[in-house]
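Ligands are counted one by one from 1 in listed order, and the atoms in each one are counted from 1 as well. Counting begins at 1 with the first residue of the sequence.
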Amino acid sequence: MPRVAASVDRVPYSRIRELGEIALGMDGVLRLYFGESNLPTPDYIKQAAVRALEEGYTYYTENAGLPSLRGAIAENYRRLHAVELDPACEIVVTASGVQALNMGIRCTLDPGDDALVLTPAWPNGSSSVMMANACVRQIPQPLCGGRYRIDFDALESTVTARTRLLLYTSPSNPLGWVATEDEQQGLLDFARRHNLWLLADEVYDRLYYAGRELGDPVPSILRKAKREDAVIVVHSFSKSYCMTGWRLGWLVARRDLAAKATQLNEFVISHAPSFTQKAGETALAEGEEELRRMLARLKENRDLCLNALRAMPGVTAPEPDGAFYLFPRIEGLDDSFTFCRRLLEEMRVGLAPGVAFGAGGEGSIRICYAADRSILEPAMERLARFLRLGA
Ligand SMILES: Cc1ncc(COP(=O)(O)O)c(C=O)c1O
């Protein structure tokens, strides 16, 4: 009997999905395990998709995506970051952020290479490294004085001649940590010194609460990188525009890598759906007002959950500056999957177990606070009760 290839058999199942699948078969669950807003895609974006269908955007497009969308993405970087990109050769539209991540990783690693990954992190990056037959070297981010940091000493002592890639996510899923400018510079210098590709997952860059005003983006690594740097940025429409189901994202990279990713797109997905791409163009052009409204609501949600968590005994909850997650640490917790499973079965609250996010994640749970207050408030009450009952 032929078997599934050992290299893919090795790729672990996502433990967020595992928990999610148990929860999906249950009624009355307060669902905070997946990373998405409960808000529907705004109407102006849906209407743009309908218009695009009527206008005939139902055919194949370029592998790199519609030139008009790449132009809109370049315009977005000019406006938000004062970064000039060439839409003809430095931007590739993808069918989601995760496809951009997978493609970036695929284009940088040969079988047997090493990738350094800052963790706790959304597991898909590490799984993509494994799918490329390469090895993940996890570098946990320590929590010091209420803020997560980068362990540059651990990076230095783990890098070898086989290391080709350093992957980090800012704002982080699940930590909500945002790299400071000094940390970004440190990562870039480290990557330059060791001849590595630096892959920055910036899909949450618009969900930022520590800027001068709500709506200010987290500064992109592209503000520091030079055109010839081996830097890749992965992005998505999913989070900022409530478009998770649309599957639309992009990748910015040095032109040789962007050209290869464009070519490989042909064999994976060819391109993102054409009418979806037109809707994405509208989201970028018209989305600011709606985005700010969503940010105000997310910040209120964050503070509501943070206050509730900080009143629970044995719970430490660092304040996140970005994304829409809290990652509280629970004293004495050494099996977060069982904890989340019991919380689900006994209290009907669905959270993601910290162990799903790799080294440094065990002992914590992830709460996605992009839900209605009518869900968050009872979820926090039930979590408090569960802990009081001696979890
Ligand atoms: C850190 C991170 N990167 C990328 C993605 C991919 O988003 P999508 O594939 O929906 O564009 C996600 C989604 O949860 C994420 O959390």
Side-chain angles (χ1 to χ4, degrees), residues 14-17 19-20 31-41 45 65 69 73 92-106 115 117-129 131 136 138 141 148 165-179 199-208 218 220-221 232-252 261 265 268-269 271-273 276-277 279-280 283-284 298 320-327 351-352 354 356-358 360-361 366-371:
S14 161
R15 302 216 78 194
I16 312 172
R17 266 278 153 202
L19 200 288
R31 297 175 200 280
L32 306 174
Y33 41 80
F34 287 148
E36 68 183 344
S37 169
N38 68 328
L39 295 176
T41 306
I45 300 176
L69 176 56
I73 293 169
V92 183
V93 174
T94 55
S96 75
V98 69
Q99 198 230 321
L101 189 64
N102 186 279
M103 190 59 87
I105 288 169
R106 191 67 195 82
V117 180
L118 296 195
T119 60
W122 191 54
N124 296 34
S126 290
S127 296
S128 286
V129 170
M131 284 169 71
V136 179
Q138 302 188 44
Q141 292 195 241
Y148 286 94
L165 170 70
L166 167 55
L167 165 61
Y168 77 100
T169 308
S170 168
S172 155
N173 170 8
L175 303 178
W177 162 83
V178 173
L199 197 163
D201 183 334
E202 299 187 345
V203 308
Y204 294 100
D205 75 339
R206 300 305 310 275
L207 309 187
Y208 185 39
V218 171
S220 170
I221 189 74
I232 307 168
V233 168
V234 160
H235 219 301
S236 169
F237 287 81
S238 286
K239 315 293 176 175
S240 317
Y241 303 106
C242 304
M243 290 174 71
T244 47
W246 296 62
R247 314 316 293 136
L248 190 63
W250 72 83
L251 182 143
V252 176
N265 241 1
V268 180
I269 184 91
H271 58 78
T276 304
Q277 294 187 51
L284 292 178
L298 286 175
D321 285 335
F324 44 40
Y325 306 104
L326 284 153
F327 200 61
L351 305 182
F357 301 92
R366 189 193 70 176
I367 299 165
C368 173
Y369 57 77

Q | Ser96 neighbourhood, listing ligand 1 atoms whose heavy-atom distance to it stays under 4.0 Å | A | 9 (O), 11 (O)

Q. Do ligand 1 and Gly97 have nitrogen or oxygen atoms that lie under 3.5 Å from each other?
A. yes

Q. Quick check: does any side chain N or O of Thr94 sit under 3.5 Å from a backbone N or O of Ser96, one acting as donor and the other as acceptor?
A. yes

Q.
Strictly distance-based, threshold 3.5 Å: is any side-chain N or O of Glu36 a donor or acceptor partner for the main-chain N or O of Gly245?
A. no

Q: Specify the closest pair of heavy atoms between Asn102 and Ser128, including all atoms of both residues, with the distance to one decimal.
A: ND2-OG, 3.2 Å

Q) Between Gln277 (side chain) and Gly65 (backbone), is there a donor-acceptor pair under 3.5 Å? A) no

Q.
Using heavy atoms and a 4.0 Å limit, tell me yes or no: is Tyr204 in contact with ligand 1?
A. yes

Q. For atom 9 (O) of ligand 1, which of Arg247, Glu202, His235, Gln99 has the closest heavy atom?
A. Arg247

**Q.** For atom 14 (O) of ligand 1, the protein heavy atom that lies nearest, with its residue and separation
**A.** Lys239 NZ, 2.7 Å

Q. Is there any N or O on Thr244 that sits under 3.5 Å from an N or O of ligand 1?
A. no

Q.
Which heavy atom of Leu298 sits nearest to which heavy atom of Leu207, and what is that distance?
A. CD1-CD2, 4.2 Å

Q: Report, in ascending order of atom number, the atoms of ligand 1 lying under 4.0 Å from any heavy atom of Ser238.
A: 8 (P), 10 (O), 11 (O)

(Q) Closer than 4.0 Å to some heavy atom of Thr169 - which atoms of ligand 1 meet that? (A) 1 (C)

Q) Which atom names give the shortest non-hydrogen contact between Leu351 and Leu19, and what distance separates them? A) O-CD1, 3.3 Å

Q) Under 3.5 Å, N or O to N or O, is Val98 touching ligand 1 that way? A) yes

(Q) Tell me whether the rings of Trp177 and Tyr168 are parallel (<30°), tilted (30 to 60°) or perpendicular (>60°). (A) perpendicular

(Q) Between Trp246 and Thr41, do the side chains contain a donor N or O and an acceptor N or O under 3.5 Å apart? (A) yes

Q) Hey, does Asn173 come in under 3.5 Å of ligand 1, counting only N/O atoms on both sides? A) yes

Q.
When you measure from the heavy atoms of Asp201 to every atom of ligand 1, does any distance fall below 4.0 Å?
A. yes

